[in-house]
Structures are given as structure tokens and as C-alpha cells.
Amino acid sequence: MKQFHNSSLHTTKTASRFVGFYEKGHQTQPARKIIFVIALLLVGILAQAQDKAVHGVVTSSNDGLPLPGVTVLVKNTTIGTQTDFDGKYSIIAKKGQSLVFSYIGCITRTLKVGDKTEIDVALEEDTAHLEEVVISGYAAGVNGNYTRPPQTISSTLANHYVNNTSNRNSRNQQYSQSVNLRGNTTIDASKPMFIVNGNVVSEEDFRKIKTKKVKHIEILNPDQGSALYGYNGAMGVVCIRTKGRKNNTDFSQINAFLNESYEQIQENTFKRSHLAPLSTFSIDVDKAAYSNIRRMINNGQTIPKNAVKIEEMVNYFSYDYPQPTDEHPFSINTEVVSTPWHEKTKLVRIGLQGKTYNHDALPASNLTFLIDVSGSMDAPNKLRLLKKAFKLLVGQLREKDKVSIVVYAGAAGVVLTPTSGDKKEKILSALNNLQAGGSTAGGAGIELAYDLAQKNFKKNGNNRVILATVGDFNVGASSDSAMQKLIEKKRKSGVFLSVLGFGYGNYKDSKLETLADKGNGNHAYIDNMQEAQKVFGKEFGGTLFTIAKDVKIQVEFNPNKVAGYRLIGYENRLLAAEDFVDDTKDAGELGSGHTVTALYEIIPKGIEIDYLNDVPDLKYTKLEQTKDFNDELFTVKFRYKKPDGSKSVELVKVQKDELQVATTDMKFAASVALFGMKIKNSKYHNKATYEQIIELAKSGRANDVDGYRAEFIRLVESYQSI
């Protein structure tokens, strides 16, 4: 605000000089007074007209918790913003203007901007009724010789009615709909699909819902309903979330209608170190699982077990590992502490820190945006969010960078040929003109994007395709295995791949993970602009610039010290022991500034615990253990290749049998892993409570500059009440 005060001071001085000039000009006393008054009024008007940054926190008056997603508007203007996940907002306004705070299920508040720059607001729940929800329908045009008939949405909730109108011309027919929650009229028309708290219900059960019990309502038009739920949603979909605890939510049912898919995960079990001393896996820097789970929690949904990938949850957060100091592109770090959730076991943390390069020092980029513009992307949290997210990326491009844009729906096409990064207006214009509609020829889009990337390949540069989609490929190659074969063939070109998932409904996590894993790339899920800022802003280098590829980890546990061990997460990244030295086996990639964390729970030698099952004695094999390394707990080996290399380099680190005091990073990583085990109902969380998870996370919050750890704590607290 310093600049505003300086501006006012400057105006005051100007007015004083103005008055002084007239005094020197021998004006009469009344004239001088009038001029002085006018000058003071001018100062007041100019001071009041100064823009100021207003910020604050929006909470619920019911429980005091922050409210994310609250709309904040400057009244009678188009200036607006939304609160983040901690309920925080910031907006530019003038003194005397009013801010309007609105949130579904809460009473809208209007507050005037005064001298203060911080305005905190507590919104009250609208327990009486939802006054009005207006949902626009779709415009159906001619498709070949077939004109789609109008679809109507039936009003069934108390105190609202449906308007159906049509607008026709000689070329096509257009229909629009609106649903208004007011009045007492109901219209018996074509019936939509009804969903309450994640459960598909009958119209009769839906009618029984009292309006005062409704917390959130979302109405999908027929096009959106068809895209999300297929035939069942072809007449529109009404989704209701009620207030209070949802003990009977059956997400498996709604997940089937949402048509979202997750790869089956079989949780890692404990292994006896004297029978299987080697644990081998590929690193994983994907973080999509955490933001996807966050979206589900914020929507009040129960989380499918297979959506929980603990390694992606843990790796969503950065940790304070030291930068590498030698010729290798990453540092290696280990830590051994007592397990927070089990008094008889130990917890091991293995961490990698990728070397961080300044933005200007990064090589020139040849980026090809591959954007899904099919009908399933027609939603605010899909294509519209995608455009805003990509604008953040475009803002960081340099003159030496090149960008191309390929889109696909029923077919694939090029909408922007390679364009220099300093031509930002041209790139943004191409993005802004994108519209959604049609089927999803993802395979054809991938073929075209890679061909374009190869034609403009930059030697010693960053050549990458950035795929943004829900992953619902339904034209051409579409199965997970077909997409895997396609992408494995394309990665030989030297072009890397980043996969960004958007929205929900038809979201194919399994397919997107496969594409990222096999395409030498990474996978993120963007559910809001905060996540877009994290992926394309704070982690720009790690997202787009690979510094090491095919990174593998192999841990050998000392049977003299370790009776058994369990790798927490990484179930989809496990490798055979012999794959570690096989340079033809694909593994994960590490980006500039990226951190990678893996956790093991180990059972010390001599400790009796139910996690280890008895095994029969071997008849033909005699197991002998060496006594030469009694002070060592384990040895960890790493293999990696340079981004353009084909031969791997091996590094080795030995961990002594020393119990350490847990660092704040270790405490926080453990809390995230424990939360993952809890929500997927793992048999290894040892009956830990959510309160224990929250306490552990708070003790590991440390210097939470960006607030991501605080957000995690809030999510755990929120999940308790779902």
C-alpha cells in the first residue's frame, strides 16, 4: 500500500503548490478559500479513487473452517476471484466499492471497502432454502441428416420449476433450458438421472429430499450428462449433496456411472529379508493421485481404494534435501527412525534431490501441446480450466522456445504451427479459440503430435509433447495395452511426454498413468488454478525438463539386522531384481528440482510380529548369512541414464544401523503415508486414528511457505466428517 500513500502525498503537495500560486497572485481572501476547498476535495476524490489490494479469509460461521471456492466479486463490475483451499482471497478494489461474497448453500454477504486492506468474512449457512439455481441447457444442431430432438430436464426438488424454450432458424434448431429453484410449480417431462451423495436414486426417493437439507446442487444438461454417464445421463443429471455426515455413500456405484477407471493395486506385503533381500523399483515423480484425492474430499466423496497411490501422495510435497555437489544430477539421502504408528518397527526414508537449474539456463524447448477438445471436455473444470492453466505455461516461454498446438476430437488437426515463445499473443489466441465437441480420437492425436515434434526436433534441447485430457479415448487405438504399445514406439524418437488430467467423469487415470510411464514422462492432475500454478509455476522445471531418465532403485537389506521389510506404495513400479542392471528396461524420469521419496517399514531382527508369516524349511537350499557387515542396516543402489544416453550409471550408498531423531520432513512424509494407508483401509496402519495423523502432520509442518502442508491437514480434518 506504500505506493498509494505516496501517490496521495504527491497529490496533496500539488494542491498546496496550486493554492500557493494563487496566494502569490494576490487573489482575494474568499477566492483563496474557495480554491483551497476545491483542492482539498480534489485530493479526497483522487485518494478515494486509488486501487488497493484487499485480502482476507472466508470461513464458515458454523464451524470456523475456511471455505474454498467462494466467489468474491467487486459489485457492479466484472472483477472477481475465488478463495483458495485455505479460504484466502486477494482482489483489487477501490475505497467505497462493495465486495460480494457468495457460496452455494450459504447466505451471500456484501461488505463495503473502507480504509482497511484486510477483510475477513464468516458466511452463514442458508438453512431455509436454496433460492435459485439456473442451469443453461445445450444447443443441438444438425448432425448429418439427423436433427437431435429437444431434451428436457424435469423438476422434482421442492420449490423450483423448469423452463424449456426453443429458438429455431432455417439452418438448425437450438434449444435452451433453465432450472429455477423457486415457486411451487413442477413439470412432468422427460426424467433425468438423480444422484444423491454419490448414490443413484429413484425419482420417488429424490422427491423426498427437503430443500433445507440440501448443501450443494449441480444440474448437468443432456450433452454433459451423456458425456459423463452415457445413456443413463442422456436426459440430464441432477446431483445433490446433503448436509451432515454421509455414512451410506456408495462411491463404487457412482464411479461406475462416472466411468472413471483406476488400475488395480495389490498392496505390498512384508517380505522376509533372508529369503528375498532385494527390493527393486522404478522412481515415481507423478503427483496426480494426491490432487485427485483432494478433489474427491472437497466434493464430499468416498475415495476408491485404487485411486490411492501412496507414493504419489508422499511425492506431491517437496522436502529439504541438499542439492547435489558432484557430477551426478541428484543427491542421495537416507534416514531411519522409530515408526510413528508401530512401536516395534522402524521407518526408513530414501530421498533423491534433482539438481535445480535456473530458468534461463535450461535448454531451448520444442513443445507440442496436444489438447483434447472432445465433448467430454466441455465443462468449466476441463477445457476452460485447461486454457487458463496453459496460459501460465505460455507466460514463461522464451524467444528460443517453440510451441505447436495439436487438437483432437473425432479427428486430429494442427491449430498452431511452431511459433516462437515471444509471440505470446498468437499462442494465447489459438488457445482461446478452442471449443469442445465430438468423439475422442486420442491415438490419432498422439501420432500427429509426435510427428510434429519430431519434424521440429531440437538437438540438445527439450523436446516434449504435453497431453491434456480426461483420457477417454474412444476412436482408434484406445485400450490401455494399445496405447502402451503406441507410446513405447514413439518414445524412441527422443521426445518426452507430460500427461495432464483434467476434470472428472470419464477420467481414465489408469490410461494416463500408462502413457506417462511408458512415454518417459510425468503425470499430474489439475483440478483448479492453484494446482495449475504449482505444476506450471513453482515446479516448471521439474514438469518439463528431464535431467535423468530410467532411474531405478535397488535396496539390499541385511538379514542380520532386518527380519522383514515392506515398501510403502510403488506397487505399480516394482521391478524384478535382474531388471536393475538391464538397460533395456524402462524406468522413471527425474526433472530439474524434483524430489523423490520412498518409505520402507522394517521389522528388526529378533522382533516377533504378526506381519511376518511362517515359511517351511528349505530342503535343497542352505541359507547362510555373512557376519562381515553387522554394523550395516542396508545398501541402496541407484542407476540412471542421461536424458540422451543409452548406458546407465550406478551409485551406491550404505546405511549404518543407527536410529535417528525424526526430522520434520520425515514426520510429515510419514503422516501422508499413514493417511494413505488409512483411507485405503490397509491392514498395516495399526489402528491409527485421524487425530494421530493430524498431530503427526502438524509436528512436521515446519516452514510451510506455500501452505501445501497446512492444506493437507485441513483435508484430513475434512475427511473425518465425510
Side-chain angles (χ1 to χ4, degrees), residues 247 249-252 255 262-273 276 279 281 284 286-294 296-297 301-317 337-350 509-510 513 555 557 562-574 597-604 607-613 662 666-697 700 712-713 715-720 722:
N247 292 322
T249 300
D250 179 13
F251 190 83
S252 61
N255 190 50
Y262 301 93
E263 186 176 352
Q264 184 74 26
I265 296 177
Q266 189 66 39
E267 187 177 28
N268 290 332
T269 60
F270 276 90
K271 295 183 177 181
R272 290 186 177 273
S273 59
S279 173
F281 63 97
D284 187 2
D286 294 345
K287 304 174 182 182
Y290 179 81
S291 49
N292 190 31
I293 288 170
R294 178 181 62 199
M296 294 178 190
I297 293 175
Q301 300 171 345
T302 300
I303 301 167
K305 288 177 62 175
N306 291 329
V308 181
K309 302 169 192 170
I310 295 177
E311 73 281 1
E312 293 189 17
M313 295 174 65
V314 171
N315 282 310
Y316 181 85
F317 304 91
V337 302
S338 297
T339 304
W341 59 84
H342 204 297
E343 61 181 6
K344 292 185 177 181
T345 66
K346 295 179 182 179
L347 192 64
V348 172
R349 180 170 67 132
I350 299 172
D509 179 85
S510 60
E513 182 181 33
V555 184
F557 290 96
V562 179
Y565 64 88
R566 187 178 82 89
L567 176 61
I568 302 176
Y570 289 93
E571 285 87 356
N572 295 340
R573 298 285 186 153
L574 299 180
T597 298
L599 299 174
Y600 281 93
E601 186 175 4
I602 63 175
I603 302 172
I607 297 296
E608 296 295 330
I609 197 169
D610 294 337
Y611 293 157
L612 284 176
N613 298 320
M666 176 59 128
K667 292 175 183 177
F668 189 79
S671 72
V672 177
L674 184 56
F675 181 57
M677 290 191 285
K678 183 75 173 177
I679 60 180
K680 71 184 304 176
N681 197 26
S682 167
K683 63 181 179 180
Y684 299 115
H685 64 65
N686 200 28
K687 299 181 180 178
T689 64
Y690 290 110
E691 288 75 16
Q692 289 174 308
I693 297 171
I694 293 169
E695 182 180 355
L696 184 59
F712 170 75
I713 295 169
L715 285 176
V716 179
E717 291 172 340
S718 300
Y719 192 71
Q720 289 185 92
I722 294 179

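Small disclaimer: the values here were computed from a predicted structure and weren't measured.
Here the closest non-hydrogen pair linking A673 and L599 is CB-CD1, 3.7 Å. The two residues H685 and L674 come nearest to each other via the heavy atoms CB-CD1, 3.8 Å. The shortest non-hydrogen separation linking M313 to Y290 is CA-CB, 4.0 Å. Closest of all the heavy-atom pairs between K346 and T339 is C-OG1, 3.0 Å. When all heavy atoms of T597 and R349 are compared, the closest pair comes out as CG2-CG, 3.8 Å. A pairwise comparison of heavy atoms in A670 and W341 identifies O-CZ3, 3.8 Å as the closest pair.
In this structure, N613 CG and K271 NZ are separated by 13.5 Å, a value rounded to the nearest 0.5 Å. Here the CD1-CD distance, from I607 to E343, works out to 9.5 Å after rounding to the nearest 0.5 Å. Rounding to the nearest 0.5 Å places CG of N686 at 4.5 Å from NE2 of H342. Between the CD1 atom in I713 and the OG atom in S671 there is a gap of 7.5 Å [rounded to 0.5 Å]. To the nearest 0.5 angstrom, N572 atom CG is 4.0 Å from E263 atom CD. Here E571 contributes atom CD and I265 contributes atom CD1; the two are 6.0 Å apart, rounded to the nearest 0.5 Å.
Put simply, the side chain of N315 gets close to the backbone of E311: a donor and an acceptor are under 3.5 Å apart. For N268 (side chain) and I568 (main-chain N/O), no donor-acceptor pair under 3.5 Å exists by modelled atom type. Not one N or O on the side chain of D284 forms a donor-acceptor pair closer than 3.5 Å with the backbone of Y570.
Applying the salt bridge (Lys or Arg N to Asp or Glu O under 4.0 Å) definition to pairs two or more places apart or across chains, none involves residues 673-691.
Put simply, the side chain of I293 does not reach to within 4.5 Å of the side chain of Y719, judged on heavy atoms. Proximity of I603 to K344: side-chain heavy atoms (C-beta onward) are nowhere separated by under 4.5 Å. No side-chain heavy atom of D610 sits under 4.5 Å from any side-chain heavy atom of F270. Side-chain contact between P340 and Q692 is absent, with no heavy atoms from C-beta onward closer than 4.5 Å. With contacts defined as side-chain heavy-atom distances shorter than 4.5 Å, the pair Y684/R566 qualifies.
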ring-ring contact (aromatic ring centres under 6.0 Å, His included) assessment of F712 paired with Y316: CA-CA 11 Å; F712 170 75; Y316 181 85; 9.7 Å; no

Can you check salt bridge (Lys or Arg N to Asp or Glu O under 4.0 Å) on E267 and K305, steps first, answer last? CA-CA 10 Å; E267 187 177 28; K305 288 177 62 175; over 6 Å; no

side-chain contact (heavy atoms from CB on, under 4.5 Å) between Y262 and N292, worked out: CA-CA 11 Å; Y262 301 93; N292 190 31; 3.0 Å; yes

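With no hydrogens or angles considered, no side-chain donor-acceptor pair links Y565 and S279 at under 3.5 Å.
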